[in-house]
Asker: 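Structure below; questions to follow.
Every number for a ligand or one of its atoms is a count from 1 in the order of the listing. What you see is a predicted model; the values in this text were computed from it and never measured. Note: hydrogens, waters and symmetry copies are ignored here, and every other heavy atom, side chains too, is used.
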Amino acid sequence: MTNPEKNFDAKIEDILSKLTLKEKIGQLNMQVSPRNDQALADIMDQLRRGEFGSMILANSDTAGNDAPESVNTAMCNKVQKIAVEEGPHGIPIIYGRDIIHGYRTIFPIPLAASASFNDELVEKAARYSAIEASAVGVHWTFSPMLDMCHDPRYGRIIEGPGEDPVVGRHMAKSMIKGYQNGDVSKEDSLLTCAKHFVGYGASEGGRDYYRTEIAPYTLYNYYIPAFREAVNAGVDTVMPSFNDISGEPVSGSKHYLTDVLRKDLGFEGLLVSDWAAVHYLADQGITANDKESTEVGINAGMEIDMCDNCFINNLEELINEGKVSMETLDNAVRSVLRLKFKKNLFENPYCKMPQVDRTEHLKCAKELASECMVLLKNEGNVLPLPKDKRIGLLGPFVHEKRALLGSWCSNGKEAETPSLCEKMLEKFGADKIITENNHTEIDDVASAVIFHSDILVLALGESHRVTGERRSLSDITLTPSQKALVKKAKASGKKVVGVFFCGRPLALEGIAEYLDAVLYAWHAGSETASAAADILYGDIVPSGKTVITFPRQVGHIPMYYNATKNRFNCYYGSYADFSYEDSTATPYYPFGYGLSYTTFEYSPVKTDVSEISLEDVQKGKKITCSVTVTNTGDYDGKETVQLYLRDVVGKMMRPYRELKDYNKIFLKKGESKTVEFTIGYDELGYYLADGSYILEKGDFEVLIGENSLTKNLAKIKVI
Ligand code: GLC
């Protein structure tokens with residue numbers, strides 16, 4: 001049952017005209033799902049009095065850290081029945097939940113999914129997530145998270161697109177399309193939420209809930225583009241961020257929420273606060289109490305108040321005192337009602353709990369996991385593993401299941417998640433795998449396994465417990481015991497493969513040198529182990545590429561490829577030895593980097609013209625550039641061809657390289673394909689600090705290659 005109608009204004013006005021002041025305020029209040037019978041009874045009474053209009057299906061304010069839990073659909077329908085049959089004017093409530101990378105089938109964490117550079121698969125994963133979550137009663141996901149970030153210490157880096165705005169734009173578009181499936185009124189689609197607007201990923205020191213310093217020029221060119229894309233893609237709601245920008249808390253800022261988000265970006269949907277973000281305005285020192293926070297928050301543009309009761313406890317007084325206008329209140333209520341009509345909840349309030357066949361979902365999870373894993377090193381082509389050798393399997397992640405699901409794993413089931421050991425036994429056969437049922441890193445066990453093996457695979461990484469919300473790290477190197485295991489394995493003189501199950505890039509200098517091969521498997525969801533085993537076996541050829549720089553060491557952070565160009569451009573090797581007196585700050589693995597089992601050759605960049613007039617660009621004319629890529633190796637494989645641009649001289653300093661587009665292609669061994677990109681208005685310009693978009697005449701460099709360090713370059717000119 002879908003709702004073809006798109007304009008609900010008449011119905012909204014009709015309902016609005018019947019609501020009392022209290023009932024209007026109630027629609028702006030979001031409650032947390034009840035944890036026990038008493039809480040359920042209280043919730044029902046509140047509902048009869050019209051004191052809330054939406055509910056978050058979560059156990060706590062850090063839902064990503066909670067144990068996996070299923071949604072209680074029966075409770076949702078029971079509460080909905082009260083709303084529809086006993087609540088004011090039968091207004092249904094709307095259920096939201098953080099469906100970040102799957103509901104029961106868990107897909108790779110978004111940072112990993114982006115590393116697949118496979119938009120179609122990312123969209124499909126979002127689609128399947130929507131089918132599973134909506135089938136248990138979720139109407140609205142607080143996803144996609146679009147916080148650009150180049151600080152791997154930050155725990156929430158796992159939830160976003162990494163360090164590049166174009167990757168962020170692709171993620172926004174793909175995930176929103178997948179969740180909405182063309183019509184959010186459909187029962188198996190989800191309303192969407194772009195979060196956290198804006199700049200949360202710039203938290204100083206990578207520490208969560210901390211301050212940021214973001215100049216407007218950087219805001220418009222680095223942190224906003226993914227949100228602009230989300231707005232253009234029709235995102236239904238936006239969640240403002242906890243952070244301040246240079247002393248102005250975003251969740252209380254009329255400038256960011258109204259002037260920038262609504263006027264500059266043209267967002268017309270609903271603004272939902274982060275958990276208690278209105279209340280926290282007092283912690284940030286711009287208000288003295290919840291009443292002042294409520295006044296600041298709603299006048300800034302906030303419309304739904306998540307789980308701090310600020311609006312429900314203070315708005316009536318503020319309206320009566322004239323500190324909040326009835327128009328502001330009515331407009332917020334209109335946004336809420338419009339969201340409910342969009343989701344067709346008035347016609348279709350209850351979840352019918354359809355059975356979901358997850359076969360295709362698990363296949364997609366396997367595909368996406370396979371395509372997101374990054375082969376960082378493969379000395380002497382030690383991978384894929386030989387089939388006739390005994391493989392020693394060691395390390396703390398040999399039998400690990402839960403961590404592979406990552407943080408924010410909703411209802412992912414540990415028991416249903418295969419371990420690397422299980423999949424390696426299945427793939428290679430029990431006679432070829434030597435390991436222990438546990439304690440695979442204890443010294444004498446390791447010695448024995450090493451002694452009997454021909455080649456060693458170390459299952460390494462980090463727990464999901466040190467990733468996600470409120471879970472940043474100051475040390476992103478491997479733990480001492482894992483370092484010791486790597487060195488012990490290396491000392492055996494046998495070939496050693498490191499498989500890393502991580503949520504973030506680790507600083508691998510001083511570790512990777514001991515390994516002959518490094519496969520970064522991430523926390524890639526339900527099918528992590530299956531994908532990793534297939535890659536190690538050679539049934540799958542790795543094709544992931546890094547969407548975030550791997551720094552040599554923590555001391556080099558922040559280290560990212562798209563910094564504005566300076567005289568000492570150490571990322572690209574110029575004056576790198578001047579970066580520090582004690583180390584050289586070049587990337588350990590740069591943005592866009594990833595190996596294959598095969599090799600690819602790129603022809604020089606061609607452009608159809610070498611210059612274009614500014615007027616023509618403004619009229620929409622573009623330059624076509626191309627390369628021919630050849631698979632020169634022994635395996636069929638996929639390659640992400642990356643287009644970078646450099647604006648050589650601008651009114652403002654510009655990045656030495658900026659990703660502008662990418663295309664992931666499949667090439668049989670020996671096959672060649674010509675890949676074309678177009679460069680025009682959207683690629684050649686940039687934003688000034690006032691938010692205006694500028695195109696300039698001058699020289700540009702067009703680079704097309706296998707990663708951000710490519711030197712495959714052609715020059716073009718805008719005249
Ligand atoms: C959390 C997170 C946000 C999430 C919300 C609801 O604090 O910051 O991303 O959507 O609360 O769980």
Asker: With heavy atoms only and a cut-off of under 4.0 Å, state how Arg156 meets ligand 1: side chain, backbone, both or neither.
Answerer: side chain
Asker: Which atoms of ligand 1 have any heavy atom of Phe242 under 4.0 Å away?
Answerer: 7 (O), 8 (O)
Asker: May I ask you to test the Trp140-Asp236 pair for a side-chain heavy-atom distance under 4.5 Å?
Answerer: no
Asker: So which of Ile56, Asp98, Val272, Asp208 gets nearest to atom 4 (C) of ligand 1, if we judge by its closest heavy atom?
Answerer: Asp98
Asker: For atom 7 (O) of ligand 1, what's the nearest protein heavy atom and its distance?
Answerer: Glu469 OE2, 2.9 Å
Asker: Quick one: do Arg207 and Asp151 make a salt bridge, cutoff under 4.0 Å?
Answerer: no
Asker: Classify the ring geometry of Tyr154 against Tyr200: parallel below 30°, tilted from 30° to 60°, perpendicular beyond 60°.
Answerer: perpendicular
Asker: Could you check whether the rings of Phe500 and Tyr520 sit parallel, tilted or perpendicular, using 30° and 60° as the cut-offs?
Answerer: parallel
Asker: Using a 3.5 Å cut-off on N or O atoms only, is Lys195 in polar contact with ligand 1?
Answerer: yes
Asker: Heavy atom under 4.0 Å from ligand 1: found in His196's side chain, backbone, both, or neither?
Answerer: side chain
Asker: Between Ser60 and ligand 1, does any nitrogen or oxygen pair lie at a separation below 3.5 Å?
Answerer: no
Asker: According to the interplanar angle, ranging from 0 to 90°, do the rings of Phe117 and Phe591 count as parallel (below 30°), tilted (30 to 60°) or perpendicular (above 60°)?
Answerer: perpendicular
Asker: Could you identify the single nearest non-hydrogen protein atom to atom 5 (C) of ligand 1 and state the distance to 0.1 Å?
Answerer: Asp274 OD1, 3.3 Å
Asker: How are the rings of His150 and Tyr560 set relative to one another: parallel (under 30°), tilted (30 to 60°) or perpendicular (over 60°)?
Answerer: parallel
Asker: Does ligand 1 have an atom under 4.0 Å from some heavy atom of Met145?
Answerer: no
Asker: May I ask you to list the atoms of ligand 1 that are less than 4.0 angstrom from any heavy atom of Asp61?
Answerer: 1 (C), 7 (O), 11 (O)
Asker: Answer with yes or no whether the side chains of Arg358 and Tyr103 bring together a donor and an acceptor at under 3.5 Å.
Answerer: no
